[in-house]
Number of protein chains: 2
Amino acid sequence: MGNLIPDESIRRTLLSRLSEQVPDFDFAAVQLSAQLLMFSQQTIHLFENHFARWGLSQGRFAILMLLYNLPENDWTPVKLAESTHVTKATVTGLVNNLSRDGYITRRQHPGDGRKISLRLSESGEQFVQGMIPQHFERISQIYSNLDGQQIKQICDALALLQRAVTPDVAREIE
Amino acid sequence: MGNLIPDESIRRTLLSRLSEQVPDFDFAAVQLSAQLLMFSQQTIHLFENHFARWGLSQGRFAILMLLYNLPENDWTPVKLAESTHVTKATVTGLVNNLSRDGYITRRQHPGDGRKISLRLSESGEQFVQGMIPQHFERISQIYSNLDGQQIKQICDALALLQRAVTPDVAREIE
DNA sequence: CCATATTGGTTAGCCGCCTTACTATAGCAA
DNA sequence: TTGCTATAGTAAGGCGGCTAACCAATATGG
């Protein structure tokens with residue numbers, strides 16, 4: 001629910017005060033950034049709420065999906081961390097909770113004593129099998145009001161933004 | 001850095017496996033949702049990195065801005081929570097850290113023993129004063145590659161999305 | 001063959017978000 | 001006035017991110 005960005009009215013007052021202090025204040029850019037932040041938070045919340053239906057988070061879901069759909073990959077914590085772009089410490093935490101909940105199991109990796117082999121348990125498999133159709137149905141529903149042309153329009157806008165911002169992101173992260 | 005969404009190649013394999021299992025799998029919608037999630041996370045990371053320059057988070061920044069620019073508001077934790085759309089417990093945490101860092105002070109509210117009056121300290125004021133111009137300059141810079149027409153295009157796309165999704169969001173949160 | 005470096009995984013601890021439960025003060029109504 | 005209710009704030013504890021530090025096991029190279 002929380003997005004940390006004040007409402008329109010406060011925001012307007014804030015911006016007008018700020019524009020007095022900052023000489024070359026770029027209204028359009030600042031407005032845009034607030035829009036984007038709010039939108040992004042909204043999107044993430046949407047998915048969080050969506051996943052909460054099944055007691056999942058994005059991270060839990062990602063791991064379950066990988067284990068379920070690509071079981072031939074012989075998943076280890078490090079592989080999961082690379083595939084999901086989080087640190088291995090974070091994976092440890094997610095795996096702890098998922099195994100506490102009985103969805104996955106840790107086994108010694110045959111052949112490399114350092115590695116841990118992760119697999120879905122019986123109940124984990126059933127759980128994923130049960131949720132997948134609902135999950136994708138709901139996802140489709142969320143965007144079902146958009147036709148192909150509109151989706152293209154949105155993708156174009158995202159691409160435009162990404163192109164425009166990317167160099168700065170790179171500089172930012174440096 | 002982490003976004004929890006696997007790379008293109010894994011994602012493609014995943015989606016093709018899934019489309020076999022889910023009868024009426026809506027590729028476009030699922031692709032769009034992944035795009036949106038990634039984009040949103042990227043945006044939020046961009047701002048997190050931006051704020052990290054000054055040891056700030058979105059929440060810390062929001063509170064400092066409100067205290068600095070609207071001091072006449074006689075801020076209390078509850079007011080801040082309402083204005084920033086987070087819980088009052090979260091505000092307690094942020095305020096704890098901000099006051100530990102010497103940026104803000106808590107005082108008893110004269111006239112209502114339940115309330116706490118929050119103000120910027122001397123050093124907090126100086127700090128904000130120093131960062132504001134840099135902050136807005138950088139924000140402007142990030143989006144400086146976009147012209148007015150492009151910004152409009154993006155805003156239109158966001159609005160389109162918001163209109164399309166809103167009813168579902170409402171249903172989702174219910 | 002052994003010493004060193006690299007890799008895999010966990011732990012500990014911080015942050016910011018949440019919910020739930022609690023205390024203290026204020027307000028209101030009988 | 002007294003006693004219930006509503007409001008303000010904090011505390012405790014969970015989650016999922018992170019970094020830094022650590023141990024164990026493997027790889028490597030002299």
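Proteins get letters first, then strands, A, B, ... in listed order; numbering begins at 1 in each.
Counting to the nearest Å, the C1' atom of D:dG16 and the CD1 atom of A:I63 are 11 Å from each other. Put simply, CG on A:L94 is 11 Å from P on D:dC15, counting in whole angstrom units. A:Q58 has its CD atom 12 Å from the P atom of D:dC18, to the nearest Å. Whole-Å rounding puts the A:I104 CD1 to C:dG9 P distance at 12 Å.
Within the 3.5 Å criterion, the main-chain N or O of A:I10 finds no donor-acceptor partner in the side chain of A:D7. For A:S144 (side chain) and A:Q141 (main-chain N/O), a donor-acceptor pair under 3.5 Å exists by modelled atom type.
No more than 12 heavy atoms of other residues, nucleotides or ligands shown are found within 6.0 angstrom of CZ on A:R119.
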Task: Contact pattern, 5' to 3', of nucleotides 5-10 of chain D - B, S or - by protein heavy atom under 4.0 Å - done: --BBBB

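Taking the six-membered ring where the residue is Trp, A:F51 and A:F47 present tilted rings, their angle falling between 30° and 60°.
In this structure, B:L4 reaches the sugar-phosphate backbone alone: every heavy-atom distance under 4.0 Å involves primed, P, OP1 or OP2 atoms, never a base. Heavy atoms of A:G113 sit under 4.0 angstrom from primed sugar atoms or phosphate atoms, though from no base atom. At a threshold of 4.0 angstrom between heavy atoms, the contacts of A:R100 are confined to the sugar-phosphate backbone, with no base atom among them.
OP1 or OP2 of C:dG16 has not a single side-chain nitrogen or oxygen of B:T90 nearer than 4.0 Å. Contact between the side-chain N/O atoms of B:S57 and the OP1/OP2 oxygens of C:dC15 is not found at any separation under 4.0 Å.
Closest heavy-atom contact between A:Q108 and A:S117: O-CB, 4.4 Å.
In this structure the side chain of B:Y103 reaches within 4.5 angstrom of the side chain of B:S123, judged on heavy atoms.
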